[in-house]
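Worksheet for the structure shown next.
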Amino acid sequence: MPRSRLSLPLVLVLLLVLAGDALAREMATDPDRLLPVELATVGVDANSGAPIALLRHPASGEVVPIVIGTDQARAILLAMHEVPLSRPQTHDLMIDLLEQLNARLERVIVDGLENGTYLGWLEVRVAGDDEPRMIDTRPSDALALAVRSGAAIHVAPEILEAEVPFDYTPPGEDEVVTALGITVVEARDDLREALQLPDEPGVLVSRATGRAATAGLSHGALILEVNGRVPATPMDFLEAVSATADGAEAEIRFWLDGDTRTITLPTDVPAIEESDDALTV
């Protein structure tokens, strides 16, 4: 099973690059071929026991695995759940460092898979520079940064075509999934009682961004149907979104504050600049 390669500690690499000491390699693919994807969730491959991140490719409707490290999987989950921490962890430190240096992570890239090793880049915009700076990175670290910063995620077509076999298993009881800019978790009994949710099957929205938020979806909503399918688990939600017919919009029926509404959303990756709404659950 492919594994992410080892590299210099990410903070050290960032400091060297921002100081002008570039650590560069050639990109493994033509940048014009890169495709946008959405980080859907992380879990474990039941066959290998390796942590994996699932990427949703809107154009094909496919969900593609990327093998990542255990620490990075935990870091991604903490960010997706928006768990408050008393002290910043490594990837939180990276984001804080970029902000203090007047720089912004614009995009993370997975540009190749060579000999079982995933290759990645951070595309960082530094104030005053005409061109972004490119930093060689492990894709697992890049994804952990993307989920914190809202940076776009692009991958080479070969990553989507690799056909890496996997058998996804949720990371314990706190499964969390994002699709269409909507992050959902299981509607547990304690959350149903606290939020006074109706006694209907569905998944709970913990965060909504972009067009989903603009359309009225927000934290505390209970998603009842996606394209006529009832999502009993977060992965059911992802699968229903991914099954949206080519060229069609996803139809989402949800309950919020005593009212039931239906909205439609395009299945492409939401723009990162749009406003968001979140709830820690």
Exam field: side chain Arg192 to backbone Glu200, donor-acceptor pair closer than 3.5 Å: yes
What are the two closest heavy atoms between Gly220 and Trp255, and how far apart are they? O-CZ3, 4.3 Å
With no hydrogens and no angle check, just 3.5 Å: does a side-chain donor-acceptor pair link Trp121 and Asp111? yes
For residues 57-70, which side-chain donor-acceptor pairs fall under 3.5 Å, sequence neighbours excluded?
unit_1: His57; atom_1: ND1; unit_2: Ser60; atom_2: OG; d: 2.9
unit_1: Ser60; atom_1: OG; unit_2: Glu62; atom_2: N; d: 3.1

Closest heavy-atom contact between Asp136 and Gly120? OD1-O, 3.2 Å
Asp259: partners by side chain to side chain contact (heavy atoms under 4.5 Å, CB included), with sequence neighbours left out: none
Between Arg33 and Glu158, does at least one N-O distance fall below 4.0 Å, as a salt bridge requires? yes
Connected via hydrophobic side-chain network under 4.5 Å: Leu145 and Val269: no
Excluding sequence neighbours, so at least two apart, what forms side chain to side chain contact (heavy atoms under 4.5 Å, CB included) with Ala215? Ile263, Leu265
Taking only residues two or more places apart in sequence or in another chain, which ones pass salt bridge (charged side-chain N to carboxylate O under 4.0 Å, His left out) with Asp129? Arg133
Hphob cluster co-occupancy, Ile153 + Ile135, side-chain heavy atoms under 4.5 angstrom: yes
Side-chain contact, heavy-atom cut-off 4.5 Å: Glu114 with Leu119? yes
I'd like to know whether CG of Asp257 has more than 12 heavy-atom contacts from other residues, nucleotides or ligands below 6.0 angstrom. no
Flag for Thr183-Ser206: side-chain donor and acceptor within less than 3.5 Å: no
Tell me, please, which residues at least two apart from Arg125 pass side chain to side chain contact (heavy atoms under 4.5 Å, CB included). Arg104, Glu106, Pro132
According to a 4.5 Å side-chain heavy-atom criterion applied to Ile, Leu, Val, Met, Phe, Trp and Tyr, with indirect links allowed, do Met80 and Val44 form part of one hydrophobic cluster? no
Between the side chains of Asp71 and Arg74, is the shortest nitrogen-to-carboxylate-oxygen separation below 4.0 Å, so that they form an ion pair? no
Using distance only, find each side-chain donor-acceptor pair of residues 226-244 under 3.5 Å and give its atom names and separation, not counting sequence neighbours.
unit_1: Asn227; atom_1: OD1; unit_2: Glu251; atom_2: N; d: 2.9
unit_1: Asn227; atom_1: ND2; unit_2: Ala240; atom_2: O; d: 3.3
unit_1: Asn227; atom_1: ND2; unit_2: Thr244; atom_2: OG1; d: 2.9
unit_1: Thr233; atom_1: OG1; unit_2: Asp236; atom_2: N; d: 3.1
unit_1: Thr233; atom_1: OG1; unit_2: Asp236; atom_2: OD1; d: 3.4
unit_1: Thr233; atom_1: OG1; unit_2: Asp236; atom_2: OD2; d: 3.3
unit_1: Asp236; atom_1: OD2; unit_2: Ala232; atom_2: N; d: 3.1
unit_1: Asp236; atom_1: OD2; unit_2: Thr233; atom_2: N; d: 3.2
unit_1: Ser242; atom_1: OG; unit_2: Leu238; atom_2: O; d: 3.0
unit_1: Thr244; atom_1: OG1; unit_2: Val241; atom_2: O; d: 2.7

I'd like to know whether Val42 forms a side chain to side chain contact (heavy atoms under 4.5 Å, CB included) with Ile52, so could you lay out the CA-CA distance, the side-chain angles of the two residues, the decisive distance to 0.1 Å, and finally the verdict. CA-CA 6 Å; Val42 298; Ile52 54 175; over 6 Å; no
Donor-acceptor contact present, side-chain Arg211 to main-chain Leu180, <3.5 Å: no
For Leu222 against Leu204, the heavy-atom pair lying closest together: CD1-N, 4.3 Å
Would you say Asp190 has more than 12 foreign heavy atoms packed within less than 6.0 Å of its CG? yes
Quick check: does any side chain N or O of Asp167 sit under 3.5 Å from a backbone N or O of Ala46, one acting as donor and the other as acceptor? no
At their closest point, which heavy atom of Thr267 faces which heavy atom of Ala248, and how far apart are they? CG2-O, 4.2 Å
